[in-house]
Amino acid sequence: MTDSFSATSTETVISPATFDKMTPVIQLGFSDILTYSLGLWLFSKVVKIWLSRWRGTRATSLRGPPSESILFGLSGVLRQSEDASLLTERWAKEYGSAFRVPTALGSSRIVLMDPKAVAHFYSKETFGYVQTPLARVFIENLFGRGVLWAEGESHRRQRKALSPAFSNAAIRRLTSVFYDSSYKMKANWDSILDSSTGDGTAIDVQKWMNHISLDSIGIAGFGHDFGTLDGKHPPVVEVFESMKPGTSTASHFVFLLGPVLPFLLRLPIGDNILWRKLHATMREIADELLERTRKEKEGLLGENGAERSVIGLLIKAENTDTQLQMTGEEVMAQNVLLLAGYETTSISLTWALIELARKPGKQQKLREELSQFSGTDPTWEQLASELPYLDSVVHEVLRLHPPVSDTSRVATEDDIIPLSTPVVTTSGEIVSTVVVKKGTIVAAPIRAINRSEAFWGPSAKEFEPERWLDDADIPAKQIQGHRHILTFSDGARICLGRNFALAEFKAALSVLIRNYTFELLDGPETKIENHRSILPRPKVAGQDGAKVPLRVRRVE
Ligand code: HEM
């Protein structure tokens, strides 16, 4: 038998040119990817139609905005829009609180702006509605098969194993970590102010909120000090800073077509390369930190701190309950905490300083509430429940600027979603339930709901912390989630770190506001834009990169 690939066979020696032709994967051009994608999509469409006819039941034919592109539906329009939540809110007014939005390649997704529907949707998280194939590939590529990736029973087990590390007792113990980071930042700012001659000085607050957030999650999450507040520049910061997703044509295509063709995410093109780099860096950090924590558990290292960290507690609990135990791979995949804890909190702190700089009266009101603490810091209990204006400011920032703007899931089975307010279908029928077929993408638009006038009244887009002190019976109270906002999501996947985030947010803000005043350089009307990063960040218009310079003065 001749081996046709053997270079020793004289009849079958393959020339370099022939070899090139035999390795088409390497030569896949953009048009090839598109052609294959369209072929696959057509095939999946035919199968879907065939399956739905075979099953017999019919989905509710919801109304919605018309498509503007055969290839991308309205995905391109939403992506280009400065604030997609305004479009969502407008469509809800026009088509009702459940409507259909055309997406790539003739597909669509159902958007729910109805409280009963949203509560029903979240109540079926991880069983009836699960991460979309695109999100699943993305999460697995980036973090591995941790709690964010898992569904159903596996998700429940991982959550239960992680929960003690986020209990009130655990967060109370971690509060000193948040203060330590905030005071390290203060020492830096004081020396910047000491060396400046003018009336206050311009400081890029976003950079410092990133430092507080990264050092805090390093110590509190993994028992490791990244040292950014001590002037260190660890590789993870470089990777985080270089993340500017969505800027190349290839990444644009992957973003728009990925929801229907998730395999595009596995190709080494566009942002996929960046995400892989981020994954490699996070994996390296998690490896190192876990190794250290394990050694400390075995008493090989004398440092304290690691055993009270989230991962430290997880490792300590290893072997204590076989039902809840995580595999080594699952513990590693909890590196998701690094990104989850870093991005969201630093963005929220930055927005708090921007909003308070826009409204100096409210900044002063907060300072007055905090003035009872001089020479001492609020305890965890005081932060949690004894400072109503601080609590209002924090929740108002989280309502107005949710770092994650929606929850998109795919139905694992046919479902009937109840509505509080009936909607009119394409045939003019009035329905108070929506029949959804298995495989349909359904979304709760967090940002649009949090900022909707229908729920929060005419001042919904304004920064008004006072609304949290007012016990008015507004429609927003029909929304579940954390304190009637969806910023931390809801249901089985509600943010595990929300109490951690709230303690850090409040501790850091209390130090900042007691010690400094903040002003936008060009006045309260300074334009703030979106900067594309892992999650969208604020930036002062015209700045190069995600910079938010504010004039900082010492409180006299
Ligand atoms: C302002 C700060 C934060 C916000 C707005 C926020 C928001 C969210 C949201 C919206 C989700 C749901 C994601 C999804 O279902 O796709 C989530 C999940 C999660 N968050 Fe947070 N988060 C914050 C801070 C934190 C912190 C500090 C940690 C940890 C230290 C953390 C850990 C997690 C984890 C582990 C999950 C996954 C939960 C699960 O899948 O069961 N988060 N967060």
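Both ligands and their constituent atoms are indexed starting at 1 by order of listing. This structure is a prediction, so every number in the text was calculated from the model and none was measured.
Going from atom CD1 of I417 over to atom NZ of K124 covers 8.5 Å, rounded to the nearest 0.5 Å. Atom OH of Y516 is separated from atom CZ of R367 by 12.0 Å, given to the nearest 0.5 angstrom.
Considering backbone and side-chain atoms together, R493 places an N or O closer than 3.5 Å to an N or O of ligand 1. Taking any N or O of R159, backbone or side chain, at least one lies under 3.5 Å from an N or O belonging to ligand 1. Taking distance alone, with nitrogen or oxygen atoms compared against 3.5 Å, H155 approaches ligand 1 more closely than that limit.
Residue contacts with ligand 1 for F166 involve side-chain atoms from C-beta outward but no N, CA, C or O (heavy atoms, distance under 4.0 Å). Residue-level proximity to ligand 1 for E504 is absent, since no heavy atom of it falls below 4.0 angstrom. With a 4.0 Å heavy-atom cut-off, ligand 1 is reached by the side chain of R409 but not by its N, CA, C or O. Looking at T407 against ligand 1, nothing comes within 4.0 Å, counting heavy atoms.
Ion pair D204/K539 not flagged as a salt bridge, since none of the NZ, NE, NH1 or NH2 atoms sits closer than 4.0 Å to an Asp/Glu carboxylate oxygen. Salt-bridge formation is detected for the pair R483/D391: a Lys NZ or Arg NE/NH1/NH2 atom is positioned less than 4.0 Å from an Asp or Glu carboxylate oxygen. Between E151 and R156 no salt bridge is recorded (no basic side-chain N to carboxylate O distance below 4.0 Å). The residues K184 and D215 are annotated as not salt-bridged, no charged nitrogen and carboxylate oxygen being separated by less than 4.0 angstrom. Salt-bridge check for D414 with K437: passed, with a basic side-chain N closer than 4.0 Å to an acidic carboxylate O.
Heavy atoms of H401 come nearer than 4.0 angstrom to ligand 1 in no pair at all. In this structure, T487 counts as a contact residue of ligand 1, since one of its heavy atoms falls inside 4.0 Å of the ligand. Heavy-atom separations between G221 and ligand 1 are all 4.0 Å or longer.
Considering only residues two or more places apart in sequence or on other chains, Q382 meets the side-chain hydrogen bond (donor to acceptor under 3.5 Å, both in side chains) condition with T379.
Looking at E355, its side chain never comes within 3.5 Å of a backbone N or O of F463 through a donor-acceptor pair.
In the vicinity of P403, heavy-atom distances shorter than 4.0 Å reach the ligand 1 atoms 5 (C).
Here the protein heavy atom with the shortest distance to atom 30 (C) of ligand 1 is I217 CD1, 3.5 Å. In this structure, atom 13 (C) of ligand 1 lies nearest to the protein heavy atom L148 CD1, 4.3 Å. Summary of contacts: the protein heavy atom closest to atom 1 (C) of ligand 1 is S348 OG, 3.5 Å.
Counting only non-hydrogen atoms, the option in I485, T126, L337, V394 that gets closest to atom 35 (C) of ligand 1 is L337.
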Evaluation steps, salt bridge (Lys or Arg N to Asp or Glu O under 4.0 Å), between K359 and E462: CA-CA 11 Å; K359 302 222 164 154; E462 295 290 311; 3.5 Å; yes
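In this structure, Y183 has its ring center no closer than 6.0 Å to that of F178.
If you look at atom 21 (Fe) of ligand 1, the protein N, O or S atoms less than 2.8 Å from it are C495 SG.
In this structure, R451 fails the cation-pi test against W456, since its NZ or CZ atom is not both closer than 6.0 Å to the six-membered ring centre and inside 45 degrees of the ring normal.
For the residue pair R136 and T132, no side-chain donor N or O sits within less than 3.5 Å of a side-chain acceptor on the partner.
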